[in-house]
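Naming convention: chains lettered A, B, ... in sequence-line order (proteins, then strands); numbering from 1 in each chain. Below, all heavy atoms of this structure are taken into account, side chains as well, without hydrogens, waters or symmetry copies.
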Number of protein chains: 2
Amino acid sequence: MTSNGQNAALVQLRAFLAAADLPFESRLPPERELSERLGVPRPALRKALAVLEQEGQIWRHVGKGTFVGSRPLDTHADIAAIARRTDPAEVMRTRLLLEPEVAALAAIVASPAHVAEMRTCIQRSRSATSWRQYENWDNRLHRAIAEATRNGLLLALLDTLNAVRRAVTWGRLRPDRASPPPDHHSFAEHDAIVAAIEDRDADRARTLMREHLEHVERNLLRPRLS
Amino acid sequence: MTSNGQNAALVQLRAFLAAADLPFESRLPPERELSERLGVPRPALRKALAVLEQEGQIWRHVGKGTFVGSRPLDTHADIAAIARRTDPAEVMRTRLLLEPEVAALAAIVASPAHVAEMRTCIQRSRSATSWRQYENWDNRLHRAIAEATRNGLLLALLDTLNAVRRAVTWGRLRPDRASPPPDHHSFAEHDAIVAAIEDRDADRARTLMREHLEHVERNLLRPRLS
DNA sequence: TCCGGAACCAATTTTCTATTGGTTATCGCG
DNA sequence: CGCGATAACCAATAGAAAATTGGTTCCGGA
């Protein structure tokens, strides 16, 4: 029992791949054509292909074909598509996971100019005359903290997160009549976070940011009381 | 000059919109059909539509149609654009910020099926016969951990991060001759991380993931010694 | 001069067809 | 019976063709 038809198929397939020396991500012939070219029945060829796929050398997909290399994970960073498959709670949980760490990192590497930018945002948010204005400056503040990390990639990811958040929250906007009360919890919390960053106290910045977002989350669930 | 044909068109269009009471983002009839229904010539209707568009009540696009509400801002995060403005070090710092928290969250909410998936990836990575195969299963493992958080948005962000990482690292691939040695540091570290997740020990999972990535980072800077 | 009508243009969606990996049924051979 | 090859069929995908739609141009008539 040195070789049956199926093992022969695997050997021939390996030989074919070695001989072809295909570049990465390139497509190899469809199964029907390949089975004919190698003189191997399709079921046997499929088993051989399954082995190679298990080994991670190729990947296949119905309607697309068989490709060399590893299956490309979805690179479609389409905001709308993401927003369709998520919800406000998930957005909040993601912010809660990300932003405390961002604040901690900002505390380590932020420059005085960054801190000044944060202070400006806080001041503008305090003098906002509508919820829309307030939210605008609140967003700018959180982005300023992200900028302070001096990590463009991280910033891009947070921008994506924010775009999704806007897309998800779309439609259920606060009535633009009133404005945030002077004792709104966020004001003091924003101050404390920026102070921690200025003090280079990463742990405190992280904790305060987490608590701040938890308060925001609570207000989201029970929005209309002020 | 109380009303000419064009003003009449605007009035009729407003009446139509009020009567229809269309939900947000919904499409209204194409111009040709609408002009016939309202008994208004198309040029006049178009001017009326232009007014409404100027007012921000509707938006239009060739081939798509006319819609109620405000034009959705097309924010498709372009992987290539991000990759151009970053570098491997930044990618690593971002992973170091994100993935420990992801591991901690996974430890809290992962299901046995998720853990089994991780174990499979580890096993496959151990039996890899080339660095490419190893990296493939390493990626799948890290993604399995992200999936275990049951947070689709977080998963999408990590996929974006990975796409950027690939784009940045592109070209400088390890030679595919050798294979990872059996005592490669990642094997034991992967095992420990998944064990911590299975034990629902979030703190341990976070710490182990951070240490693991720090080792990976060190190996990236001084790559060819094994 | 100005507006309505029609034809035309370009971007987009929709529809149809061909392709492709995956599955199932059937037959042949040992 | 068991195993595998052949063929037919299925579902997902890509690609081309056709239809749709907002925008533009041109011309005739009031």
Sorted by chain and residue number, the side-chain hydrogen bond (donor to acceptor under 3.5 Å, both in side chains) partners of B:Ser186 (sequence neighbours excluded) come out as B:Tyr134

For B:Phe67, all residues meeting ring pair (Phe, Tyr, Trp, His ring centres under 6.0 Å), sequence neighbours excluded
B:Trp59

Among A:Asn151, A:Leu154, A:Thr149, exactly one meets side-chain contact (heavy atoms from CB on, under 4.5 Å) together with B:Glu90. Which residue is that?
A:Asn151

Polar atom pairs between nucleotides 11-13 of chain C and protein, under 3.5 Å, N or O only, would you list them?
{"unit_1": "C:dT12", "atom_1": "OP1", "unit_2": "B:His61", "atom_2": "NE2", "d": "3.2"}

Just wondering, do B:Glu217 and B:Arg95 contact through their side chains at under 4.5 Å, heavy atoms?
no

Taking atom CZ of A:Arg124 as the centre, does the number of heavy atoms from other residues, nucleotides or ligands within less than 6.0 Å exceed 12?
no

Would you indicate, yes or no, if D:dT21 has its OP1 or OP2 atom less than 4.0 angstrom from a side-chain nitrogen or oxygen of B:Thr66?
no

Just the rounded figure in Å: distance from C1' of D:dC9 to CD of A:Glu31.
15 Å

side-chain N/O A:Arg32 vs C:dT19 OP1/OP2, d < 4.0 Å:
no

Evaluate the ring planes of B:His142 and B:His190, with Trp represented by its six-membered ring, and classify them as parallel (under 30°), tilted (30 to 60°) or perpendicular (over 60°).
perpendicular

Kindly say if B:Arg46 contacts the phosphate of D:dG23, meaning a side-chain N or O under 4.0 Å from OP1 or OP2.
yes

Is A:Arg42 side chain donor-acceptor paired with the D:dG4 base, going by distance under 3.5 Å alone?
no

Over how many whole Å does the gap from A:Lys47 atom NZ to D:dG4 atom C1' extend?
8 Å

Enclosure of A:Glu25 CD (heavy-atom neighbours >12, cutoff 6.0 Å)
yes

Is the number of heavy atoms from other residues, nucleotides or ligands within 6.0 Å of CZ (B:Arg85) greater than 12?
no

According to ring pair (Phe, Tyr, Trp, His ring centres under 6.0 Å), who are the partners of B:His185, at least two apart in sequence or on a separate chain?
B:His215

Residues 11-24 of chain A side chain polar contacts: donor-acceptor under 3.5 Å, at least two apart:
{"unit_1": "A:Gln12", "atom_1": "NE2", "unit_2": "A:Leu38", "atom_2": "O", "d": "3.3"}
{"unit_1": "A:Arg14", "atom_1": "NH2", "unit_2": "A:Glu55", "atom_2": "OE1", "d": "2.6"}
{"unit_1": "A:Arg14", "atom_1": "NH2", "unit_2": "A:Glu55", "atom_2": "OE2", "d": "2.5"}

Tell me whether the count of non-hydrogen atoms from other residues, nucleotides or ligands lying under 6.0 Å of CD in B:Glu53 goes above 12.
yes

Nearest-angstrom distance from the residue atom CD of A:Glu33 to C1' of C:dG21:
14 Å

Test salt bridge (Lys or Arg N to Asp or Glu O under 4.0 Å) applied to B:Glu101 - qualifying residues, sequence neighbours left out:
B:Arg206

Protein-nucleotides 25-30 of chain C N/O pairs under 3.5 Å:
none

Under 4.0 Å from any atom of DNA chain D, heavy atoms only: list the residues of residues 13-21 of chain A that qualify, in numerical order.
none

Does B:Arg119 have any side-chain contact (heavy atoms from CB on, under 4.5 Å) partners at least two apart in sequence or in another chain, and if so, which?
B:Val115, B:Val194, B:Ala195, B:Glu198

Between A:Leu49 (CG) and C:dT23 (C1'), how many Å, whole number?
16 Å

Mark up nucleotides 25-30 of chain D, 5' to 3', with B wherever a protein heavy atom is under 4.0 angstrom from a base atom, S wherever such an atom reaches only the sugar-phosphate, and - elsewhere.
------

Does some side-chain heavy atom of B:Leu208 sit less than 4.5 Å from a side-chain heavy atom of B:Glu189?
no

A:Glu147 meets the side-chain hydrogen bond (donor to acceptor under 3.5 Å, both in side chains) criterion, sequence neighbours left out, with A:Arg143

Bend of the helix from C:dT1-D:dA30 to C:dG30-D:dC1 from end-axis comparison, five pairs per end, nearest 10°, comes to 20°

Apply the side chain to side chain donor-acceptor pair (under 3.5 Å) test between A:Arg165 and each candidate in A:Asn139, A:Thr160, A:Thr94; give the one that qualifies.
A:Asn139

